[in-house]
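Following: one structure in structure tokens, then a few remarks.
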Amino acid sequence: MDMWKFYDITHREHIVCNPTSIEKLEQLVSLVRLKPDAHVLEIATGKGEFIIRLAERYGVEGVGVDLSPYYIADAKGKHRKRAPDARLVFLEMDGAEYKPEKPESFDLVACIGASWIYGGHRGTLKALEGMAAQKSWIVVGEPYWRHEPEREYLEAIEEKRSSFGTHSENAEAGKEFGLELAYTLVSSQDDWDRYEGLQWYAAEEWASGHAADPDVPELLKRVRQGKAAYLRWGRETLGWAIYVFKKGAFGREQAA
Ligand SMILES: C[S@@+](CC[C@H](N)C(=O)[O-])C[C@H]1O[C@@H](n2cnc3c(N)ncnc32)[C@H](O)[C@@H]1O
């Protein structure tokens with residue numbers, strides 16, 4: 001089954017495609033306090049909700065990059081509907097290939113929930129740091145281990161222990177790149193349940209309405225296996241947080 005079709009169907013009910021609540025996203029938008037002439041970049045922008053909220057709140061200019069044709073179409077549609085005058089561009093491309101016109105030029109650079117693009121959390125911080133101006137924000141969303149994962153869980157989700165850090169490891173990693181952690185938005189179990197549950201719901205609803213689609217069996221198999229792994233292990237094992245770093249914070253002008 002086409003990967004982008006799978007994610008389009010399973011995330012139809014989601015406004016943000018990560019386990020952060022809308023209230024926490026709004027808090028993040030409030031905290032970053034950008035000027036109207038600020039430039040923002042979001043790698044793996046998904047349906048563009050974060051960057052569109054930044055444009056609505058502050059009038060900033062921005063670039064959203066995502067590889068999914070479905071999500072880029074959703075983001076462009078939201079842009080036209082909610083913020084038609086906002087100077088936003090959405091690019092359908094691999095985030096790893098995106099090169100800014102000028103290095104160290106953005107006032108906020110984000111990559112929420114797609115650190116594989118840069119080979120993991122550290123690689124993401126390094127790449128985003130290279131595109132961020134002095135006195136800017138670097139915002140990343142990343143899973144973390146709440147406790148040591150069971151081998152069966154790792155096998156079920158096809159991840160390694162080394163795929164993610166603990167919460168404190170994720171938070172501390174910024175120091176290696178001269179970044180100061182300014183805030184964290186840590187998802188609650190309710191946030192996770194909503195993120196996971198909406199995928200089960202969306203898949204079952206779509207399958208009921210598209211019984212003749214040849215992708216139904218594979219889609220339901222994958223979603224139901226993911227549901228079982230989440231209920232058996234993931235709910236107690238994997239956390240999620242958005243880490244808000246400051247580049248050029250007082251006393252951290254140089255990488256440690
Ligand atoms: C977990 S979702 C997060 C989306 C968005 N940041 C959000 O929080 O709503 C991961 C996103 O990464 C995108 N993606 C996956 N691989 C990518 C790549 N190589 N380059 C750009 N985007 C990619 C997917 O299409 C999806 O939108």
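Everything numeric here is computed off the predicted structure, so don't read it as measured data. Counting starts at 1 for both ligands and their atoms, in listed order.
Taking any N or O of G95, backbone or side chain, at least one lies under 3.5 Å from an N or O belonging to ligand 1. Looking at I112 next to ligand 1, an N or O pair under 3.5 Å apart turns up. Checked by distance only, ligand 1 and D66 come closer than 3.5 Å through their nitrogen or oxygen atoms. Backbone and side-chain nitrogen or oxygen atoms of G113 are examined, and none is located within less than 3.5 angstrom of a nitrogen or oxygen of ligand 1.
Between the side chain of H79 and the backbone N or O of A86, at least one donor-acceptor pair lies under 3.5 Å. Under a 3.5 Å cut-off, the side chain of D74 and the backbone N or O of Y71 do not form any donor-acceptor pair.
A donor atom on one side chain and an acceptor atom on the other are not found under 3.5 Å apart for D190 and S188. Side-chain contact of R122 with S115: a donor-acceptor pair under 3.5 Å is absent, judged by distance alone. Side-chain contact of Y144 with N170: a donor-acceptor pair under 3.5 Å is absent, judged by distance alone.
Aromatic ring centroids of Y195 and H11 lie under 6.0 Å apart. Checked against a 6.0 Å centroid threshold, the rings of F164 and W145 count as neighbours.
Residue contact check: S68 has heavy atoms under 4.0 Å from atoms 25 (O) of ligand 1. The ligand atoms of ligand 1 that sit less than 4.0 angstrom from a heavy atom of G46 are 4 (C), 5 (C), 27 (O). Less than 4.0 angstrom separates some heavy atom of T45 from each of these atoms of ligand 1: 5 (C). The D94 neighbourhood of ligand 1 comprises atoms 18 (C), 19 (N), 20 (N), with distances under 4.0 Å to a heavy atom of that residue. Listed by atom number, the atoms of ligand 1 under 4.0 Å from N18 heavy atoms are 7 (C), 8 (O). Taking every non-hydrogen atom of A114 and a distance limit under 4.0 Å, the qualifying atoms of ligand 1 come out as 12 (O). Each of the atoms 9 (O) of ligand 1 lies under 4.0 Å from some heavy atom of V16. Of all atoms in ligand 1, numbered sequentially from 1 with element shown, those under 4.0 Å from a heavy atom of M93 are 20 (N), 21 (C).
Cation-pi check for K246 over W137 is met; the charged atom lies under 6.0 angstrom from the ring centroid and within 45 degrees of its normal.
Annotation: the span from Y153 atom OH to R161 atom CZ amounts to 12.5 Å, rounded to 0.5 Å.
Here the heavy atom of the protein found nearest to atom 16 (N) of ligand 1 is W116 NE1, 3.3 Å. With respect to atom 17 (C) of ligand 1, the closest heavy atom belonging to the protein is I117 CD1, 3.7 Å. Nearest protein heavy-atom contact of atom 9 (O) of ligand 1 is C17 N, 2.8 Å. Nearest protein neighbour of atom 22 (N) of ligand 1, counting heavy atoms only, is L67 N, 3.3 Å. The protein non-hydrogen atom at the shortest distance from atom 6 (N) of ligand 1 is A44 O, 2.7 Å.
No continuous path of hydrophobic side-chain contacts links L91 to I72 [ILVMFWY only; heavy atoms under 4.5 Å]. Hydrophobic cluster membership differs between Y243 and W192, with clusters built from Ile, Leu, Val, Met, Phe, Trp and Tyr side chains linked at under 4.5 angstrom.
Between K175 and E180, none of the side-chain N atoms (NZ, or NE/NH1/NH2) sits under 4.0 Å from a carboxylate O, so this pair counts as no salt bridge.
Heavy-atom separations between F50 and ligand 1 are all 4.0 Å or longer. Not close to ligand 1: Y7, with no non-hydrogen atom less than 4.0 angstrom away.
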